[in-house]
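Worksheet: one structure, shown below.
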Amino acid sequence: QKQEVEQVAWKIRALLNQGIKGSLYFEDNDQVKNLNESDIAILSSSNADLTEMQKTLEFLGILCNRESRKSVFESQIAQDIGAILGAILHPYQEGKIKRALLSRLFGFNLQALIALEQHADGLSQYIEQFDQIRDMWMNQGFLTAWQFLLNQYAVWAKLVATQSRDNERRVVNLRHLTELLSHHSEDYQDAQNLYHWYLKQLTSPMEREWEMERKLSNEAGVQLMTIHQSKGLEFKFVFLLGADNTFKEMQKALNFSTAEQMN
């Protein structure tokens with residue numbers, strides 16, 4: 001299995017190199033288009049095989065595009081938001097304030113946090129500000145307080161301050177979670193109830209459609225999908241993992257027959 005994944009990955013690398021050199025291209029109405037990642041698809045009946053394939057391609061520096069089947073509540077940003085909500089509702093518990101500051105939304109590291117604590121009013125200023133945000137939440141609603149916090153501490157800018165391939169995922173997940181909290185704040189108008197609802201999602205993420213991580217704007221890359229997901233789609237190059245497995249291994253998901261068919 002591992003050998004098959006590596007062979008496919010290196011074959012794709014070779015094809016893409018041909019595309020880069022201009023020796024592998026497609027002609028359409030006198031227009032020439034060199035092969036790129038988006039022209040290639042990898043299909044499998046196993047999500048585990050696709051995951052291994054994605055890791056191998058990314059190791060070779062090949063861009064991948066795979067629909068996420070992961071709950072947004074499983075992300076680190078979701079954990080950070082939970083910590084910040086706890087700090088807002090319990091602003092005088094220093095442990096909760098420190099955990100919030102160490103989140104990706106605030107961007108503190110341990111060294112910066114220690115330096116902050118050495119100032120007489122270092123941590124107290126955040127305690128006071130979080131207390132004000134709590135009052136805002138109670139009196140003006142969750143979304144008003146949350147948007148104030150995001151703007152007050154330049155959270156959006158902090159998430160993309162350092163170059164990382166995960167920047168867009170963090171921003172998209174934060175926007176997604178903000179929308180979910182805002183929507184459910186209408187059902188859980190009491191702040192504590194909304195907080196407890198959120199904690200429940202963190203501890204028991206599911207595969208409900210509305211909580212699945214959203215697709216990123218950059219949809220380019222080798223397409224990785226199950227055979228079922230590929231129904232109705234077309235690609236110029238298609239690699240099929242596990243096509244030589246025994247029928248039992250494939251669990252009858254994909255069968256070939258060499259028997260002659262009668263007309």
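The analysis underlying the following values was restricted to heavy atoms, covering all of them including side chains, and did not include hydrogens, waters or symmetry mates. Predicted, not measured: the structure shown is a model, and the values here were computed from it.
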### Query
Less than 4.5 Å apart, any side-chain heavy atom of V222 and any of F239?
no
### Query
Looking at S38 and N36, what are the two nearest heavy atoms and their distance?
N-OD1, 3.0 Å
### Query
Is the side chain of E128 donor-acceptor paired with the backbone N or O of Q125 at a distance under 3.5 Å, no angle test?
no
### Query
Taking NZ, NE, NH1 and NH2 as the nitrogens, is one of them in R214 or E168 under 4.0 Å from a carboxylate oxygen of the other?
no
### Backbone N/O of A112 and side chain of N109: donor-acceptor pair under 3.5 Å
yes
### Query
Do the side chains of Q54 and L50 get nearer than 4.5 Å, heavy atoms only?
no
### Task
Write down the atom of M53, the atom of I42, and the distance for their closest heavy-atom approach.
CG-CD1, 3.5 Å
### Query
Is any side-chain heavy atom of L123 less than 4.5 Å from a side-chain heavy atom of L116?
yes
### Query
Are I20 and I12 in one and the same hydrophobic cluster, where Ile, Leu, Val, Met, Phe, Trp and Tyr link if side-chain heavy atoms are under 4.5 Å apart?
no
### Query
So, the side chain of T56 versus the backbone of A9: is there a donor-acceptor pair under 3.5 Å, distance only?
no
### Message
Using salt bridge (Lys or Arg N to Asp or Glu O under 4.0 Å), reason through E211 and K70 one step at a time and then give a plain yes or no.
### Response
CA-CA 8 Å; E211 70 175 87; K70 176 182 175 183; over 6 Å; no
#### Entry: Side chain proximity check, F26 to V32, heavy atoms < 4.5 angstrom
no
### Task
Mark yes or no for whether E74, through its side chain, and S71, through its backbone, hold a donor-acceptor pair below 3.5 Å.
yes
### Note, I88 side chain near D131 side chain (heavy atom, < 4.5 Å)
no
### Task
Would you give the length of the straight line joining atom CG of N65 to atom CG of L57, rounded to the nearest 0.5 angstrom?
12.0 Å
### Query
Got E58 and I62 here, is their nearest side-chain heavy-atom distance under 4.5 Å?
no
### Message
Which label fits F142 and W137: parallel for a plane angle under 30°, tilted from 30 to 60°, or perpendicular past 60°?
### Response
perpendicular
### side chain to side chain donor-acceptor pair (under 3.5 Å) evaluation trace for Q201 with R208
CA-CA 11 Å; Q201 311 316 306; R208 296 164 294 194; 2.7 Å; yes
### Message
If we ignore hydrogens and angles and just use 3.5 Å, is the side chain of N151 paired with the main-chain N or O of Q147 as donor and acceptor?
### Response
yes
### Task
Grab the two heavy atoms, one from C64 and one from L224, that are nearest each other, plus how far apart they are.
CB-CD1, 3.6 Å
### Task
Flag this pair as yes if the NZ/CZ of R170 is under 6.0 angstrom from the six-membered ring centre of W156 and inside a 45 degree cone about the axis; otherwise no.
no
### Heavy-atom side-chain proximity of V238 to L43 below 4.5 angstrom
yes
### Task
Please determine, by modelled atom types, if R66 and N47 share a side-chain donor-acceptor pair under 3.5 angstrom.
yes
### Six-ring centre of Y25, K33 cation under 6.0 angstrom, axis tolerance 45°
no
### Query
With respect to I81, which candidate in L202, L174, N173 satisfies the side-chain contact (heavy atoms from CB on, under 4.5 Å) definition?
L174
## Note on the structure
Taking every heavy atom of S45 against every heavy atom of I227, the minimum-distance pair comes out as N-CD1, 4.0 Å
### Message
Is it the case that the side chain of H176 and the backbone of V172 share a donor-acceptor pair, with hydrogens and angles ignored and the cut-off at 3.5 Å?
### Response
no
### Query
If only atom types and distance count, is the side chain of T203 paired as donor or acceptor with the main-chain N or O of L199 below 3.5 Å?
yes
### Query
Using the benzene-type ring in the case of Trp, are the ring centres of Y198 and F73 under 6.0 Å apart?
yes
### Task
Check S75 against E213 and note the closest heavy-atom contact, atom names and distance.
CB-OE2, 4.0 Å
### Message
Given 3.5 Å as the limit, does a donor-acceptor pair link the side chain of D121 with the main chain of S124, or not?
### Response
no
#### Entry: Closest approach of G61 to R13 (non-hydrogen atoms, all atoms of both residues)
O-NH1, 4.4 Å
### Task
Treating Ile, Leu, Val, Met, Phe, Trp and Tyr as nodes and any side-chain heavy-atom pair under 4.5 angstrom as an edge, say whether M206 and M212 lie in one connected cluster.
no
### Message
Quick one: does any side-chain atom of Q223 pair with a main-chain N or O of G221 as donor and acceptor, under 3.5 Å?
### Response
yes
### Query
Are I114 and I97 grouped together when hydrophobic residues (ILVMFWY) are joined by side-chain heavy atoms under 4.5 angstrom apart?
no
### Task
Step by step, work out the salt bridge (Lys or Arg N to Asp or Glu O under 4.0 Å) result for E117 and K98.
CA-CA 10 Å; E117 290 184 283; K98 292 177 183 178; 2.7 Å; yes
#### Entry: H183-W197 aromatic ring centre distance below 6.0 Å
no
